Amino acid sequence: MLSKTIDPKFIYGLPKAELHVHLEGTLEPELKLALAQKNHIDIGQTTVEDIRKTYEFNSSLSAFLAVYYSGMIVLQTEDDFYQLAMEYLKRAKENNVRHVEMFFDPQAHLARGISFDTVINGYYQACQDAKALNIDAQLIMCFLRDMPAQSANEILLMPQHHRNKILGIGLDSDEHHNPPLKFAYQFANATAQGYHTTMHADIDQIDSIEHIKQALEIINVNRLDHGTNIVENQDLVKWAAHTQIGLTACPLSNKFIANDSKGKEILDLLDQGVKVSINSDDPAYFGGYISDNYLALDSEFEISKEDIIKLAKNSFETSWISPIQKQIYLNEIDTYVNNYEE
Ligand code: ADE
Ligand code: ZN
């Protein structure tokens, strides 16, 4: 269904921050095939169409993660990581993303024999080159929650001579049986080292509310990824509205993984003053980039222009940039809205 209320051009051009995108989740079938051929890797498919078919998994986080991790095999050299990130950043430019904080999963690459330097140097060069696209790009290093906590310790020690290349620490992968508290020590350590922190609270997980409480009340994360299950607990909603903590929602990802965009919950939280933002998660796998996520919400709920602007403002307000820089981006939104001609 096409957006009935808002001109898609308005959404594409609206200045935004993207706070929840996994670089490894931006691997489009075309790039996967090109890298497989360049690196002489047999991925089991020889056409873009056949690769695209493997991206059509049934609705579950674990089914998605199986395709996501196996796809990484094509990423071998520093230049492969650079190319992956640059292709995402070019798409971000088309969506007028002005600031992006991008997740990456070093453990998944180390486990395949790829060095930390190879990964970080490729991604960081893309962040540097994003400046030419007028995008401020930063990196969030994630721990894989289905790996032992000891492995996360090792990862935290890795970037010593890359410290200035990493803005924050996140937690992703399979949440089932992997609660936030498993990584309490590593997150305390990350905070002590001056990293910003966030973690996934994936949609409709077993023990969702208990996990969210651990993340917010014990680990004290600075942001929460997904996290919209807080609507089930009015105390948490009040707390989130009071503290203005950011929740990074991803409607298209929710549709794939939970069979529901959770747009009702997202808009309900927005109405209650919670700082929720709209993001793309794994855009190559979930059928769209950041503007497509705004448009998906609009086509389902016909949201007001004011709410769309509020969601975009929330993205900057809950980003990890200086107050002055936030104000510059917020002013950019106002200028865009005031000068937009229908
Ligand atoms: N890793 C990449 N995408 C993810 C998601 N949506 N949830 C948890 N871990 C992920
Ligand atoms: Zn995610």
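In each ligand, atom 1 is the first atom listed, and ligand 1 is the first ligand listed. In this text, all values refer to a predicted model and were calculated from it rather than measured experimentally.
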S.K.: What I want to find out is whether K326 reaches E317 closely enough, with some N-O distance under 4.0 Å, to be called a salt bridge.
M.R.: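 The answer is no: the pair does not qualify as a salt bridge.
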S.K.: Below 4.0 angstrom, N of the basic side chain to O of the carboxylate: do E342 and K305 qualify?
M.R.: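 Judged by the 4.0 Å cut-off on N to carboxylate O distance, E342 and K305 do form a salt bridge.
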S.K.: Does a donor on one side chain sit under 3.5 Å from an acceptor on the other, for D136 and Q138?
M.R.: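 D136 vs Q138: donor-acceptor pair found between side chains.
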S.K.: What protein atoms of element N, O or S are positioned under 2.8 Å from the Zn ion (ligand 2)?
M.R.: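 Atoms qualifying: H20 NE2, H22 NE2, H200 NE2, D281 OD1.
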S.K.: Same hydrophobic cluster for V119 and V74, using side-chain heavy-atom links shorter than 4.5 Å among ILVMFWY?
M.R.: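 In one cluster: yes.
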S.K.: Run through all N or O atoms in ligand 1 and write down each protein N or O closer than 3.5 Å, as a pair with its distance.
M.R.:
{"residue": "ligand 1", "atom": "3 (N)", "partner": "H22", "partner atom": "NE2", "Å": "3.4"}
{"residue": "ligand 1", "atom": "3 (N)", "partner": "D282", "partner atom": "OD1", "Å": "3.3"}
{"residue": "ligand 1", "atom": "3 (N)", "partner": "D282", "partner atom": "OD2", "Å": "2.8"}
{"residue": "ligand 1", "atom": "6 (N)", "partner": "D281", "partner atom": "OD1", "Å": "3.4"}
{"residue": "ligand 1", "atom": "6 (N)", "partner": "D281", "partner atom": "OD2", "Å": "2.9"}
{"residue": "ligand 1", "atom": "7 (N)", "partner": "D202", "partner atom": "OD1", "Å": "3.3"}
{"residue": "ligand 1", "atom": "7 (N)", "partner": "D202", "partner atom": "OD2", "Å": "3.1"}
{"residue": "ligand 1", "atom": "9 (N)", "partner": "S173", "partner atom": "N", "Å": "2.8"}

S.K.: Please go through L167's hydrophobic cluster and name the other residues, only I, L, V, M, F, W, Y counting, with side-chain heavy atoms under 4.5 Å joining them.
M.R.: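 F103, I140, W320, all in the cluster of L167.
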S.K.: In the hydrophobic cluster built from side-chain contacts under 4.5 Å, what are the other members alongside Y185?
M.R.: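 Answer for Y185: none, a lone residue.
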S.K.: Test salt bridge (Lys or Arg N to Asp or Glu O under 4.0 Å) on D271 and K310; report intermediate values, then the result.
M.R.: CA-CA 10 Å; D271 264 359; K310 210 194 279 182; 5.2 Å; no
S.K.: Under the criterion ring-ring contact (aromatic ring centres under 6.0 Å, His included), I'd like the reasoning laid out for F256 against F64: C-alpha separation, chi angles, the key distance, then a yes or no.
M.R.: CA-CA 9 Å; F256 254 81; F64 156 67; 8.6 Å; no
S.K.: If you group Ile, Leu, Val, Met, Phe, Trp and Tyr by side-chain heavy-atom gaps below 4.5 Å, do L171 and V21 land in one group?
M.R.: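 Same hydrophobic cluster.
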